[in-house]
Amino acid sequence: QKAKKKGKQIGKAEKHNPKAHTFSGGTRSVQKRVQYTLERQAKRDKAPKVDKNPEVPPPFIVVIQGPPGVGKTTLIQSL
């Protein structure tokens, strides 16, 4: 049977499933989908733009780590 299937050529029109791309939903679901896409676009437009080159450079961060009793607090207080 495999030989019969290979020999038979199927055109694009026969392969196409017209029901695959039809919309199966009521007006309420269409309205919800449209509302969702519009809100998503509005949210993207309202997102604040982050300035990549601020006037004031960000502060340096120093991490002091170690066992208790080695003078971490004394070191920070001396800075």
Side-chain angles (χ1 to χ4, degrees):
Q1 290 184 2
K2 289 183 181 180
K4 289 181 183 178
K5 287 185 180 179
K6 283 186 179 179
K8 187 179 178 184
Q9 292 290 333
I10 299 175
K12 284 188 177 182
E14 293 176 17
K15 275 187 178 181
H16 179 68
N17 182 2
K19 291 186 178 181
H21 301 289
T22 60
F23 179 73
S24 59
T27 56
R28 185 79 176 138
S29 61
V30 173
Q31 187 179 13
K32 282 183 182 180
R33 188 176 299 153
V34 170
Q35 184 70 26
Y36 175 75
T37 55
L38 289 176
E39 285 178 0
R40 192 167 178 188
Q41 282 180 341
K43 192 174 185 182
R44 190 183 319 145
D45 292 341
K46 289 181 182 178
K49 301 293 180 185
V50 178
D51 187 15
K52 299 286 183 180
N53 299 320
E55 294 176 9
V56 179
F60 290 103
I61 298 174
V62 179
V63 177
I64 307 294
Q65 183 178 0
V70 295
K72 295 183 297 283
T73 307
T74 308
L75 176 67
I76 294 297
Q77 289 173 351
S78 68
L79 293 176

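The figures here come from the full heavy-atom set of this structure, side chains too, leaving out hydrogens, waters and symmetry mates. Counting from 1, the numbers follow the sequence of the chain as shown.
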* Check side-chain hydrogen bond (donor to acceptor under 3.5 Å, both in side chains) between Arg28 and all other residues, then give those that pass, not counting sequence neighbours. => Gln31
* Structure fact -> Gln41 meets the side-chain hydrogen bond (donor to acceptor under 3.5 Å, both in side chains) criterion, sequence neighbours left out, with none
* Could you tell me which non-hydrogen atom of Thr37 sits nearest to which non-hydrogen atom of Val34, and how far apart they are? => OG1-O, 2.8 Å
Donor-acceptor contacts, no H, no angles, side chain residues 69-79, under 3.5 Å, sequence neighbours left out:
from, atom 1, to, atom 2, distance (Å)
Lys72, NZ, Gly66, O, 3.1
Lys72, NZ, Pro67, O, 3.0
Ser78, OG, Thr74, O, 3.4
Ser78, OG, Leu75, O, 2.7

* Structure fact -> side-chain hydrogen bond (donor to acceptor under 3.5 Å, both in side chains) filter on Glu55, not counting sequence neighbours, yields none
* Residues in side-chain contact (heavy atoms from CB on, under 4.5 Å) contact with Val56, at least two apart in sequence or another chain -> none
